[in-house]
*Asks:* 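Mind looking over this structure? Questions follow.
Note that ligands are numbered from 1 as they come in the structure, with each ligand's atoms numbered from 1 the same way.
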Amino acid sequence: MAPVPSFPIKVGHIDDVQELNKAKPTTVPERFVQDMADRPKLTANLSSSTDIPIIDLSKLMKGDTDEHFREVMQLKTACEEWGFFQVLNHGVDLNVLENMEKLAKDFFMLPLHEKQKYPMAPGTVQGYGQAFVFSENQKLDWCNMFALGVEPPYSSAIYSSEPWIKMEIFDEMFGVAVQAVRMNYYPPCSSPDLVLGLSPHSDGSALTVLQQGKDSTVGLQILKNQTWLPVQPVPNALVINIGDTLEVLTNGKYKSVEHRAVTHKDKDRLSIVTFYAPSYDIELSPMPELVDEKNPCRYRRYNHGEYNKHYVPQVARQRTLDFAKIHPVSQINKGSILDSPT
Ligand SMILES: O=C(O)CCC(=O)C(=O)O
Ligand SMILES: [Fe+2]
């Protein structure tokens, strides 16, 4: 599991959002009201051309056919330009997904004292509690989270659905890979325009698979060209996104894209997110075959466990990966580099 901070973090009193919501408040407590610039604009009416790519895995598996090559090209575009896509015909048994959803819902509906038997310590993302808590002064997300390491069959059911991922290559590079599941429950919020369900972040994994609750409203948004685009839930599809590790390994060719979740006035939402990441003792750097004169190395070599220590505090600043980025000399001379957390 992820390293736990060795120093205590002062975070003040934190209300449980489900309990808050039970009291049907008409105003949102101040600690959940985002600063003006961070509030979501929920009225944007976007055309379907802004939908993230959909990959049909059954076509991807069709040997040497035109359909196969078209799908491969779409997958390439999805990884390089979007960092996100949805997969259909993924082969994961729908019963596994249904059971997982039921399990997650049942957990969140337990009395608070039951859920609090597995408390999430500030500065970590393990157990039950508030996401990404690192200070007394920060704004809080309108979300309850339960995160844990997982074993097969759920994790292997999810990842074996992705035959385009050459698991043997990852096995070699990642050591004993870390697999974790995060269940996010977003109760309705009387003022969804003032709060965030989950703050903007990119995932610290290599690859993330996200399952949305069956009747989920739109909640997930991704940042593309400085615009937050909603991800429309597609029945039985899984959402896949590239995490920071793959961005580094591909020397930035594949994008680990910032995303966030927003809430709804009347409806709750559930997401179940599986992360696949290297072992914490692994050193990462771009693959040599993706570094050349035209594509200079963009990330310094770093230890994945070290990177992980920066993850929660850095979510407030949105890009943990900045800690490994190599900035072009021209930028350094202009003094435009954000201070590095290391
Ligand atoms: O709930 C969602 O749609 C987003 C969840 C997410 O990004 C995460 O858990 O990392
Ligand atoms: Fe995420």
Side-chain angles (χ1 to χ4, degrees), residues 2 17-18 40 42 51-52 82-87 97 100-101 104-105 107-108 120 124-133 140-150 154-155 158 178-189 192 195-224 228-234 237-247 254-264 267-277 307-308 311-312 314-321:
V17 277
Q18 274 175 272
L42 299 174
D51 287 351
I52 66 169
W82 291 80
F84 265 83
F85 52 94
Q86 311 212 39
V87 275
L97 298 183
M100 195 63 192
E101 182 177 339
K105 263 194 190 144
F107 176 82
F108 283 112
M120 184 182 286
T124 72
V125 227
Q126 289 162 44
Y128 173 79
Q130 249 290 337
F132 306 145
V133 178
L140 296 174
D141 291 338
W142 196 259
C143 170
N144 278 337
M145 188 181 268
F146 183 41
L148 61 163
V150 277
Y154 179 73
S155 57
I158 291 287
V178 174
Q179 299 194 23
V181 168
R182 186 141 92 199
M183 301 166 203
N184 303 306
Y185 179 74
Y186 308 95
C189 179
V195 307
L196 283 173
L198 202 59
S199 295
H201 64 282
S202 63
D203 290 344
S205 52
L207 208 66
T208 303
V209 178
L210 182 141
Q211 172 188 350
Q212 311 211 53
K214 251 204 169 129
D215 307 312
S216 270
T217 47
V218 182
L220 173 62
Q221 298 185 335
I222 69 167
L223 190 61
K224 187 160 168 55
W228 286 104
L229 301 179
V231 174
Q232 304 291 341
V234 172
L238 291 168
V239 177
I240 314 280
N241 66 286
I242 305 290
D244 287 356
T245 302
L246 264 194
E247 177 170 319
Y254 288 5
K255 304 287 178 305
S256 172
V257 164
E258 256 179 65
H259 52 285
R260 68 181 186 184
V262 296
T263 61
H264 192 277
K267 294 182 180 154
D268 58 357
R269 179 170 173 268
L270 177 75
S271 66
I272 301 162
V273 191
T274 313
F275 302 96
Y276 178 74
Y307 154 93
N308 214 70
Y311 189 75
V312 172
Q314 193 65 17
V315 163
R317 294 155 64 178
Q318 292 159 25
R319 285 290 279 171
T320 316
L321 251 196

*Asks:* Within this structure, what is the CG-CG distance for the pair Leu270 and Asn184, rounded to the nearest 0.5 Å?
*Replies:* 8.0 Å
*Asks:* Crowded around Lys224 NZ? As in, over 12 foreign heavy atoms under 6.0 Å?
*Replies:*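 Yes, the 6.0 Å shell around NZ holds more than 12 heavy atoms from other groups.
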*Asks:* For side chain to side chain contact (heavy atoms under 4.5 Å, CB included), just list the numbers for Leu238 and Leu97, CA-CA rounded to whole Å, side-chain angles, deciding distance to a tenth of an Å, and then say yes or no.
*Replies:* CA-CA 10 Å; Leu238 291 168; Leu97 298 183; 4.2 Å; yes
*Asks:* For Gln18 and Asn144, which I'm curious about, is there any donor-acceptor pair between the side chains at under 3.5 Å?
*Replies:* yes
*Asks:* To the closest 0.5 Å, what do you measure between CG (Leu223) and CZ (Phe84)?
*Replies:* 10.5 Å
*Asks:* Would Asp268 and Tyr185 count as having a side-chain donor-acceptor pair, cut-off 3.5 Å?
*Replies:* yes
*Asks:* Closer than 2.8 Å to the Fe ion (ligand 2), which protein N, O or S atoms?
*Replies:* His201 NE2, Asp203 OD1, His259 NE2
*Asks:* For the NZ atom of Lys214 and the CD atom of Glu101, what is their distance to the nearest 0.5 Å?
*Replies:* 7.0 Å
*Asks:* What distance do Gln126 atom CD and Phe146 atom CZ have between them, rounded to the nearest 0.5 Å?
*Replies:* 11.0 Å
*Asks:* Using side chain to side chain donor-acceptor pair (under 3.5 Å) as the criterion, point out the one residue from Asp244, Thr245, Asn241 that pairs with Ser256.
*Replies:*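 By the side chain to side chain donor-acceptor pair (under 3.5 Å) criterion, Ser256 pairs with just one of Asp244, Thr245, Asn241: Asp244.
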*Asks:* Could you list, one pair per line, each nitrogen or oxygen of ligand 1 together with any protein nitrogen or oxygen closer than 3.5 Å, giving atom names and the distance rounded to 0.1 Å?
*Replies:*
from: ligand 1; atom 1: 1 (O); to: Tyr186; atom 2: OH; distance (Å): 2.6
from: ligand 1; atom 1: 1 (O); to: Arg269; atom 2: NH1; distance (Å): 3.2
from: ligand 1; atom 1: 1 (O); to: Ser271; atom 2: OG; distance (Å): 2.6
from: ligand 1; atom 1: 3 (O); to: Arg269; atom 2: NH1; distance (Å): 3.3
from: ligand 1; atom 1: 3 (O); to: Arg269; atom 2: NH2; distance (Å): 2.8
from: ligand 1; atom 1: 7 (O); to: His201; atom 2: NE2; distance (Å): 3.1
from: ligand 1; atom 1: 7 (O); to: His259; atom 2: NE2; distance (Å): 3.0
from: ligand 1; atom 1: 9 (O); to: Arg182; atom 2: NE; distance (Å): 3.1
from: ligand 1; atom 1: 9 (O); to: Arg182; atom 2: NH2; distance (Å): 3.4
from: ligand 1; atom 1: 9 (O); to: Asn184; atom 2: ND2; distance (Å): 3.0
from: ligand 1; atom 1: 10 (O); to: Arg182; atom 2: NH2; distance (Å): 2.7
from: ligand 1; atom 1: 10 (O); to: His201; atom 2: NE2; distance (Å): 3.0
from: ligand 1; atom 1: 10 (O); to: Asp203; atom 2: OD1; distance (Å): 3.3

